[in-house]
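Okay, so here's the structure we're looking at.
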Amino acid sequence: MKAMRIGRTLPPAAAPIYFRDILSGIKGSFQGQKEVDRFARELREYFNVKHCFPVSSGKAALTIILRSLHKLHPERNEVIIPAYTCFSVPSSIVRAGLKVVVCDVTPDTLDFNFDQLRKILSNSQNTLAIIPTHLFGFPADVKKTRECIENFPEVVVIEDAAQAMGSKVMNRKLGTSGDMGFFSLGRGKAFSTVEGGIILTDSDLFAHALHEQIQLIRGYSGIDQIKLIVYSLILFVFMRPLLFWFPKALPFLKIGETHYETDFSIKKMSSIQAGLSRGWQRKLESFLQVRIRLSKHWVDRIGNLSHKNISLITGISSGKWNALIRFPVLVHNGIYKEKILLESRNQGLGIIQTYPKTIDDIPDLKTCNDDQEFSGARECVEKIITLPIHSFVSLKDLSKIEKLLD
Ligand SMILES: *Cc1c(COP(=O)(O)O)cnc(C)c1O
């Protein structure tokens, strides 16, 4: 049992929801499907893609993508994912009735270990899809993943851009390089509608298959919609650092934990969420600017620490990124790391370990290839902590965190 802390507490990641967004959400509910269509149209224009499907969460988006693919290729049932990623990803794969195959990552890039990826691909005829992931918003090399599957033309690339909505690499928006891509509009993501997920694709074939699957799922019931509005009010009030200790102290809100669970709900997006999204392009951009500014701050500061217990992820120091959602750093000394995490809990600084296990180590999950070694992913679990870089982080918070790290 963790001790409850009362007082200013930063969330590890947060996209603010304002009161006027909630009013737009309520207004949106009177517009019905028209409001959802408006949001989908704006997304298609912004991302310059032919098809867009708004659903209830990132997990729902990925599950629907996988179900639609499995319908197209019933003989294939394996999905390759990074061994270090959000637990929602294997949750969705299992929910779609498919098998999880993990591939190691390199701590330098948080991307696949491409040598192991090639081995995994040539060892199996059942690969349905592969999921390059922009973890923490740091861009994965989707092109390189594509090169690896050149000889496996049936394997579909699903871009997990859950944490990367609005980020760019070389002027290409993340989420638009895969055969399909998805975003999350959850609480700790780039931009939030309480909960939500977006699927993008340029392919008419996939769009048709997605459409078929979406026909099979329900929308939000009246009660679900009331819950959405209540939850948006809770987030509006309690996401502020001054009050965030309160929802954090309520165990049923499961805040700050990463869960492997396969019984999440899968619904079409409601008009309330679409209404909440109004003006999203402007919000997304302004949140993104804050995160870029704070990320640059950390790049400078971590580079200049008086000791070498903490270092930047190599890819991040090389500057090939645009906007992150949390700022990951490597801590090379276990005792020092525990001290930082403990002190962050005591002072409410929003520094967390993020993913506590590699995917092959999740107790309730059976992966296909757990005989392999995932030393890179293990290193990420041992060493990565993330610093908060969202709009609620004040100058005073920054200097507290700096003092703690140094
Ligand atoms: C959050 C997240 C998801 C799932 O999105 P939800 O909206 O929370 O279901 C999937 N992948 C990654 C990398 C995520 O961070």
Side-chain angles (χ1 to χ4, degrees), residues 11-15 17 53-66 79-96 100 102-103 105 110-112 129-140 142 158-167 174-175 178 180-200 217 220 228 231-232 235 253-270 273 276-277 291 323-328 352-359 362 377 380 384 386 390:
I17 290 177
F53 301 89
V55 293
S56 58
S57 70
K59 286 187 286 294
L62 180 55
T63 309
I64 291 164
I65 289 174
L66 291 171
V79 183
I80 303 175
I81 63 169
Y84 181 71
T85 189
C86 177
F87 292 5
S88 301
V89 177
S91 307
S92 303
I93 296 171
V94 171
R95 179 66 181 272
V100 177
V102 282
C103 176
V105 300
L110 306 176
D111 202 352
F112 288 123
I130 178 160
I131 309 187
T133 305
H134 307 302
L135 207 65
F136 308 125
F138 184 73
V142 180
I158 303 168
E159 203 180 338
D160 182 343
Q163 304 182 358
M165 190 179 184
S167 306
L174 300 186
M180 294 191 249
F182 71 96
F183 302 120
S184 163
L185 306 181
R187 190 168 43 79
K189 306 299 162 110
F191 152 76
S192 174
T193 55
V194 181
E195 57 186 28
I198 305 287
I199 305 170
L200 302 179
I217 63 176
Y220 280 73
L228 266 180
Y231 203 18
S232 68
L235 290 181
L253 286 177
K254 294 182 182 170
I255 280 183
E257 293 172 46
T258 321
H259 279 268
Y260 171 74
E261 51 165 16
T262 55
D263 61 347
F264 51 89
S265 73
I266 299 179
K267 303 190 278 271
K268 295 175 195 164
M269 182 177 278
S270 70
Q273 289 152 298
L276 271 164
S277 80
R291 297 191 336 253
L324 303 172
I325 196 106
R326 310 163 181 204
F327 193 87
I352 56 165
Q353 188 195 9
T354 314
Y355 307 120
K357 285 186 170 67
T358 55
I359 298 299
I362 297 176
C380 290
I384 290 180
T386 65
H390 50 78

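Both counts, for ligands and for their atoms, begin at 1 and track the order of listing.
- Here Cys86 has side-chain heavy atoms under 4.0 Å from ligand 1, and that is the only part of it that gets that close.
- Comparing His134, Lys59, Gln163 against atom 15 (O) of ligand 1, the shortest heavy-atom distance belongs to Gln163.
- Every residue two or more places apart in sequence or in another chain that forms a side-chain contact (heavy atoms from CB on, under 4.5 Å) with Ser265 is listed here: Lys267.
- Looking only at distances, no side-chain donor or acceptor of Ser57 sits under 3.5 Å from a matching main-chain atom of Glu195.
- Contacts with ligand 1 closer than 4.0 Å are made by no heavy atom of Glu195, backbone or side chain.
- Taking any N or O of Gly58, backbone or side chain, at least one lies under 3.5 Å from an N or O belonging to ligand 1.
- Of all atoms in ligand 1, listed by their number and element, those nearer than 4.0 Å to a heavy atom of Ser57 are 7 (O), 9 (O).
- Taking both residues in full, the closest heavy atoms of Pro90 and Cys86 are given as CD-O, 3.4 Å, listed atom of the first, atom of the second, then distance.
- Distance check: Leu135 CG to Asp111 CG gives 10.0 Å after rounding to the nearest 0.5 Å.
- One finds the OG1 atom of Thr133 at 9.5 Å from the CD atom of Glu159 (value rounded to the nearest 0.5 Å).
- Considering backbone and side-chain atoms alike, Ser88 places every N or O at 3.5 Å or more from each N or O of ligand 1.
- Among the atoms of Thr133, none of the N or O lies under 3.5 angstrom from an N or O of ligand 1.
- Rounding to the nearest 0.5 Å places CG of Leu66 at 5.5 Å from CD1 of Ile131.
- Only side-chain heavy atoms of Val89 come within less than 4.0 Å of ligand 1; its backbone N, CA, C and O stay farther off.
- When all heavy atoms of Gly137 and Ile325 are compared, the closest pair comes out as N-CG2, 4.3 Å.
- Summary of contacts: the protein heavy atom closest to atom 11 (N) of ligand 1 is Asp160 OD2, 2.8 Å.
- What sits closest to atom 2 (C) of ligand 1 on the protein, heavy atoms only, is Lys189 NZ, 2.5 Å.
- Listed by atom number, the atoms of ligand 1 under 4.0 Å from Ser184 heavy atoms are 5 (O), 6 (P), 7 (O), 8 (O).
- Taking CD1 from Ile64 and CE from Met180, the interatomic distance works out to 11.5 Å, rounded to the nearest 0.5 Å.
- Near Ala162, with a cut-off below 4.0 Å to any heavy atom, the atoms of ligand 1 are 2 (C), 3 (C), 10 (C), 11 (N), 12 (C), 14 (C).
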